[in-house]
Amino acid sequence: MADVRIVESEAELFERAAAFVRDHAQKAVDDKRACSVALSGGSTPRQLFELLVSEPWRSTMPWRQMHVFWGDERCVPPDHQDSNYRMARQAMLDHVSIPPVQVHRMAGEHADPAAAAAEYEGDLKSYFDAHGAAPRFDLVLLGMGDDGHTASLFPGTFALAVNDRWVTHNYVEKLSTYRITFTYTLLNAAAAVLFMTAGQNKATALREVLEGESAPLIFPSQGVKPVNGTLTWLIDRAAAQQLSHGPAA
Ligand code: 6PG
């Protein structure tokens with residue numbers, strides 16, 4: 001069952017998200033001296049990253065124990081303006097003290113996206129093996145597109161059916177491009193997943209994802225259902241306006 005939290009404004013959404021990230025990170029570090037987090041791209045996550053490097057979050061986050069991964073990447077070099085790695089680096093990673101060896105980017109520049117996905121799966125395996133643990137992220141941060149996609153799991157695409165890999169390439173016809181993305185298998189193994197959704201343009205897809213018939217091939221965010229973890233949605237008033245229990249207009 002998802003924990004759906006509707007807040008008044010985008011500003012409140014990011015404050016709540018920052019507290020969520022800090023609290024989950026600190027708990028993971030208290031329990032096992034490390035926190036694995038998977039980041040996403042998009043403008044909503046970027047605003048969270050920018051907030052996390054300001055006080056009081058900056059000095060209360062256990063940055064040195066964070067192990068940072070990406071839930072998806074665009075097939076571009078790391079200094080490209082579309083790179084999710086570049087975005088996170090500029091908004092957050094360049095401003096905090098995470099040891100560089102603990103930052104694991106996807107090789108979006110690889111000529112063969114399938115090979116890049118396989119390599120990233122290898123990185124993940126090494127990380128989780130070294131920590132003596134199953135592939136289970138402490139925290140996965142996700143945004144949702146206005147078509148209901150999340151990570152790079154787009155409607156009707158190949159990756160939605162991949163269940164024997166943790167990471168896969170995915171051709172996204174509507175963008176005429178490949179992406180690299182976590183599969184549902186890996187997302188749904190997480191200990192905690194946080195979706196952040198803001199803005200009126202997300203309202204229709206959000207209603208379908210949270211209250212519509214089960215149709216993950218059409219609204220892929222529906223397929224994110226941690227098997228043995230928590231699922232939290234933080235939604236602002238504008239995105240929640242079509243929900244039956246959303247705020248009054
Ligand atoms: C990406 C993503 C993607 C994103 C959503 C929401 O690489 O684009 O990881 O899943 O999070 O599209 O993006 P916005 O917050 O910009 O709407």
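These figures come from a predicted structure and were not determined experimentally. Counting starts at 1 for both ligands and their atoms, following the listed order.
- In this structure, R46 has no heavy atom closer than 4.0 Å to ligand 1.
- The K202 neighbourhood of ligand 1 comprises atoms 14 (P), 15 (O), 17 (O), with distances under 4.0 Å to a heavy atom of that residue.
- Looking at atom 10 (O) of ligand 1, its nearest protein heavy atom turns out to be A151 O, 2.7 Å.
- The protein heavy-atom contact nearest to atom 13 (O) of ligand 1 is G42 CA, 3.6 Å.
- Looking only at heavy atoms of the protein, atom 12 (O) of ligand 1 is closest to H149 NE2, 2.8 Å.
- When side chains are defined from C-beta on, F69 counts as touching L124, because their heavy atoms get closer than 4.5 Å.
- No hydrogens or angles considered: nothing links the side chains of Q90 and D94 as a donor-acceptor pair under 3.5 Å.
- Counting heavy atoms under 4.0 Å from ligand 1, residue D72 touches it through the side chain alone.
- Scanning the protein heavy atoms around atom 15 (O) of ligand 1, the nearest turns out to be T44 OG1, 2.4 Å.
- Contacts with ligand 1 closer than 4.0 Å are made by no heavy atom of A198, backbone or side chain.
- In this structure, the protein non-hydrogen atom closest to atom 8 (O) of ligand 1 is R74 NH2, 2.7 Å.
- Looking at R22 and T60, their side chains do bring a donor and an acceptor atom within 3.5 Å of each other.
- Side-chain contact, N170 with T157: a donor N or O sits under 3.5 Å from an acceptor N or O.
- In T150, the part holding a heavy atom less than 4.0 Å from any atom of ligand 1 is the backbone.
- By the criterion of a heavy-atom distance under 4.0 Å, the side chain of R179, and not its backbone, is placed next to ligand 1.
- In terms of polar-atom proximity, defined here as any N/O pair under 3.5 Å, L142 makes no such contact with ligand 1.
- Counting heavy atoms from C-beta on, the side chains of T230 and V193 never come closer than 4.5 Å.
- Under 4.0 Å is where a charged nitrogen must lie from a carboxylate oxygen, and between K202 and D146 no such pair does.
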Taking it one step at a time, do Y85 and W70 satisfy ring-ring contact (aromatic ring centres under 6.0 Å, His included)? CA-CA 8 Å; Y85 166 75; W70 274 261; 5.5 Å; yes
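- Checked by atom type, the side-chain pair D72/T181 shows no donor-acceptor distance below 3.5 Å.
- F158 has its ring centre less than 6.0 Å from the ring centre of H169.
- When only interatomic distances are considered, the shortest N/O to N/O separation between G41 and ligand 1 falls below 3.5 Å.
- At a heavy-atom distance under 4.0 Å, only backbone atoms of M144 (N, CA, C or O) approach ligand 1.
- In this pair, F128 and F137 present their aromatic rings perpendicular. The plane angle is above 60°, beyond the 30 to 60° band.
- Of all protein heavy atoms, the one closest to atom 16 (O) of ligand 1 is S43 N, 2.7 Å.
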